[in-house]
Amino acid sequence: MMGLDTAAGLLGKGRLADELCITVRNLNYKIGGERGACDADIIAAARGLEERAKRFLAHAQKLRAVVSQAISPSAKQPGLTDLGIAA
């Protein structure tokens, strides 16, 4: 099933298999079509992707906060001596 294959590519097969409470071998069978994927499998895969997306967004917000502090006009810009470099 293509949707599970894409989810496995984004999450990793081990993590997706854990979300589905199956082995990686059984996940490969589902991806290959030898075994069926039920609605619960798709919902579990979506839940895993949503959890990972939340972590990505949280990290992106942290990075933006660091950049906004660095470019703030009142922020102190490091000089050569702050970096331990003699002029």
Worksheet item: Can you list every pair that meets salt bridge (Lys or Arg N to Asp or Glu O under 4.0 Å) and has a residue in residues 39-58, with sequence neighbours left out?
Response: Glu19-Arg47, Lys30-Asp41
Fill in: Distance-minimising heavy-atom pair for Leu4 and Ala45
CD2-CB, 4.0 Å
Fill in: Pair listing, side chain to side chain donor-acceptor pair (under 3.5 Å) test, anchored in residues 5-14, at least two apart
Lys13-Asn28
Discussion item. Checking Arg25 now: which residues fulfil side chain to side chain donor-acceptor pair (under 3.5 Å) with it, not counting sequence neighbours?
Written reply: Tyr29
Practice prompt. Taking all heavy atoms of Ala8 and all of Ile31, pick out the closest pair and write down the distance.
Written response: CB-CD1, 4.0 Å
Worksheet item: What distance do Arg35 atom CZ and Leu27 atom CG have between them, rounded to the nearest 0.5 Å?
Response: 11.0 Å
Practice prompt. Output all residues satisfying side chain to side chain donor-acceptor pair (under 3.5 Å) with Thr23, sequence neighbours left out; order by chain, then residue number.
Written response: Asn26
Item to complete: Determine, using the 4.5 Å side-chain heavy-atom cutoff (strictly less than), whether Leu10 and Leu20 are members of one ILVMFWY cluster.
Response: yes
Item to complete: Compare all side-chain heavy atoms of Val24 with those of Leu16 and state whether any distance is below 4.5 angstrom.
Response: no
